[in-house]
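Step one of this worksheet: look at the structure below.
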Amino acid sequence: MSLTEEILSQLPGDVLGNLRRADAILKSIRENTAPTPDVVKESQDSLGNVDSDVIICGGTLGILIGCALAVRGLRVVLLERGILQGREQEWNISRKELEVFVELNILTQEELEKAIATEYNPARVKFKDGGEVWVKDVLNIGVDPVYLLATLKQKFLEAGGQLFEHTPFSEVVVHPDGVIVNHQFTAKLLIDAMGHLSPITKQARQGKKPDALCLVVGSCAQGFAENHAGDLILSFTSLQNQCQYFWEAFPARDGRTTYLFTYMDAHPQSLSLEELFAEYLRLLPEYQGVELEQLKFQRALFGFFPSDRQSPLKTPWNRILPVGDSSGNQSPLSFGGFGAMVRHLKRLTLGIHEALQTEQLSAKALALLQPYQPSLSVTWLFQKAMSVSVNQNIPSEQINQLLSAVFQEMQQLGTPVLKAFLQDIVQFSALTQTLFKTGLSHPALVAKIIPQVGLINLLDWLVHYTNLGTYTTLFALSPMLETWTKNLPPTQQYYWHRLVDAWKFGSGADYTGE
């Protein structure tokens, strides 16, 4: 019996079986053997009256937007394939990002405080043979998903929302005046919150393999020495198995959570989750200075996060809007999920409400709710620089040396630059300063990156970098036109608001600091 099998078999539930099932899905994605779903169909017949404004498929994170729309008076139906309940493991986020729950009137300040299970400071960034960088108030809040989802579920139902548990999505037919889901539920709009593996997303992407993957494994365990600090990103090993390993650690309510994650392309020969878990267990004692025998494992964590360069996803169908991970609306550096949904929650809530009010529910109109964002697209090159292809040869310390140099320069530029980047916000000024300083101080190191990432990718990146500057300028100028736009008809206002949102989020101007 392997060490992975031994440890996972001690945990309640079929954890090892779940790990291997996740690996089977990962294998089918890498080998491109999974059939393309055919779950979205179109009909030219009119539906007539529909029962609700919105149907949301995928309850775990769909409840966030479902509750926000329901309290605004919309008729919302939420379909969840299991029971709508949170997991035991906390969701880590920054406190300022949580304010949106109060702003949207879905939590009181008191309820928000109750939802916070843990809070720690400071957090460390460190790379092999490099110095340490410490920051405060970044991903330092652990939200209790069980309490949060139970509270939102209650608010949703009180606001008139309808919840159908044990109701997996099977198909949707798009009509000229609405959608019908599972031959039963009708609405003006379908919101897909079913995550990366959504069958709607798979059909929209027509079986295309993801451009990259982030694999993550970890655990929550007791028995560590007391430590109230965390690690946001840390590496202490050279390239191994054609992977650069990165670590995260957070104090948790019932122990300490540690993660190992790595970036890669979707090549069939890359590491599996079970192999990465074995690496995690091998290296954990060195990382945390503790023997495995001293630890009492509470739960194991594992998953993979595909990312596509053609993101956010624009579906070809009217009346269907992917949100969160279904839309690919996260940086290829981040894990998406809760943080990505919260970041766009207010923008999406107001935008969806306005789309319904003005009947702007065509594929073209809804695509504006998931706009191109240069601030996301520029991070593709960073992901490429932090990973290595299966057959690629680069010096074993190259990624560590580059990241160490970049973070040293960002630290010198000050906390606002560093904190924004660590929260996955890329802004033109901060990026330009960082690149200039790094290029000036470490020209040989930067030159080595070009063959690693490839010249075509670099030229593609330059387009997004230029657009990042353009969006920054456009958003800065947008307030001058606001008075004029207030007199526009509601439909034209919808398009103007989407344009301003695209400039705001596409330039990283949604980040306001702590």
Side-chain angles (χ1 to χ4, degrees), residues 52-58 61-78 97 99-101 103-106 156 159 161 178-179 187-193 200-201 204 311-315 317-330 336 339-376 471 474-475 478-479 481-482 485-486 488-512:
S52 54
D53 296 307
V54 184
I55 295 168
I56 302 174
C57 296
L61 291 177
I63 187 67
L64 274 65
I65 201 153
C67 191
L69 292 171
V71 298
R72 296 179 79 81
L74 294 178
R75 300 170 299 162
V76 184
V77 170
L78 185 58
E97 292 177 288
E99 289 173 4
V100 69
F101 288 101
E103 280 178 48
L104 291 174
N105 197 30
I106 54 177
F156 174 72
V179 295
K188 295 176 184 175
L189 173 69
L190 169 64
I191 294 177
D192 175 8
I200 294 175
T201 294
S311 290
L313 173 65
K314 291 171 174 52
T315 72
W317 308 290
N318 299 332
R319 299 182 180 273
I320 294 179
L321 175 70
V323 297
D325 291 347
S326 300
S327 70
N329 199 8
Q330 83 286 339
M341 183 68 97
V342 170
R343 175 164 298 164
H344 297 278
L345 189 58
K346 186 175 181 180
R347 177 181 74 77
L348 285 171
T349 300
L350 300 181
I352 290 165
H353 195 189
E354 199 173 356
L356 285 160
Q357 283 179 320
T358 55
E359 289 287 326
Q360 296 306 299
L361 301 170
S362 67
K364 186 180 174 186
L366 290 173
L368 300 175
L369 286 165
Q370 297 294 13
Y372 159 69
Q373 295 168 58
S375 57
L376 289 184
Y471 273 46
L474 289 169
F475 182 66
S478 62
L481 297 168
E482 239 169 60
T485 58
K486 279 176 183 171
L488 291 173
T491 300
Q492 286 176 276
Q493 283 196 34
Y494 169 81
Y495 286 91
W496 169 252
H497 293 154
R498 301 298 75 76
L499 206 54
V500 174
D501 279 350
W503 296 338
K504 181 179 181 177
F505 283 77
S507 64
D510 57 303
Y511 177 75
T512 52

L369 vs I352, side-chain contact (heavy atoms from CB on, under 4.5 Å): CA-CA, chis, key distance, verdict: CA-CA 8 Å; L369 286 165; I352 290 165; 4.2 Å; yes
S326: which of L313, D192, L321 passes side-chain contact (heavy atoms from CB on, under 4.5 Å): D192
Identified side-chain contact (heavy atoms from CB on, under 4.5 Å) partner of K188 from the options L356, L74, V54: L356
Min side-chain heavy-atom separation [X]-[Y] under 4.5 Å:
X    : Y    : value
L345 : I65  : yes
I56  : V76  : yes
H344 : P312 : no
L361 : N318 : no

As an exercise, state the distance from [atom1] of [X] to [atom2] of [Y], rounded to the nearest 0.5 Å.
X    : Y    : atom1 : atom2 : answer
R72  : L104 : CZ    : CG    : 7.0 Å
D325 : L61  : CG    : CG    : 7.0 Å
M341 : L64  : CE    : CG    : 6.5 Å
E103 : K346 : CD    : NZ    : 4.0 Å
Q492 : T358 : CD    : OG1   : 11.5 Å
F156 : L69  : CZ    : CG    : 9.0 Å

Test log, rule side chain to side chain donor-acceptor pair (under 3.5 Å), inputs Q360 and Y495: CA-CA 9 Å; Q360 296 306 299; Y495 286 91; 2.7 Å; yes
Counterpart residues, side-chain contact (heavy atoms from CB on, under 4.5 Å), relative to T485 (two or more places apart): E482, L488, W496
Enumerate donor-acceptor pairs with a distance under 3.5 Å from any side-chain N or O in residues 501-509 to protein atoms, sequence neighbours excluded.
from, atom 1, to, atom 2, distance (Å)
D501, OD2, R498, NH2, 3.4
S507, OG, W503, O, 2.7
S507, OG, K504, O, 3.1

Please check if the side chain of [X] supplies one atom and the backbone of [Y] the other of a donor-acceptor pair under 3.5 Å.
X    : Y    : answer
H353 : T349 : no
N329 : G324 : no
K314 : Q370 : yes

Check against side-chain contact (heavy atoms from CB on, under 4.5 Å), V342 and F101: CA-CA 9 Å; V342 170; F101 288 101; 3.9 Å; yes
S52: partners by side chain to side chain donor-acceptor pair (under 3.5 Å), with sequence neighbours left out: none
Least distance between heavy atoms, I55 atom then A187 atom: CG1-CB, 3.4 Å
Worked verdict on L190 versus W317 for side-chain contact (heavy atoms from CB on, under 4.5 Å): CA-CA 11 Å; L190 169 64; W317 308 290; over 6 Å; no
Residues Q330, R343; criterion side-chain contact (heavy atoms from CB on, under 4.5 Å); working and verdict: CA-CA 10 Å; Q330 83 286 339; R343 175 164 298 164; over 6 Å; no
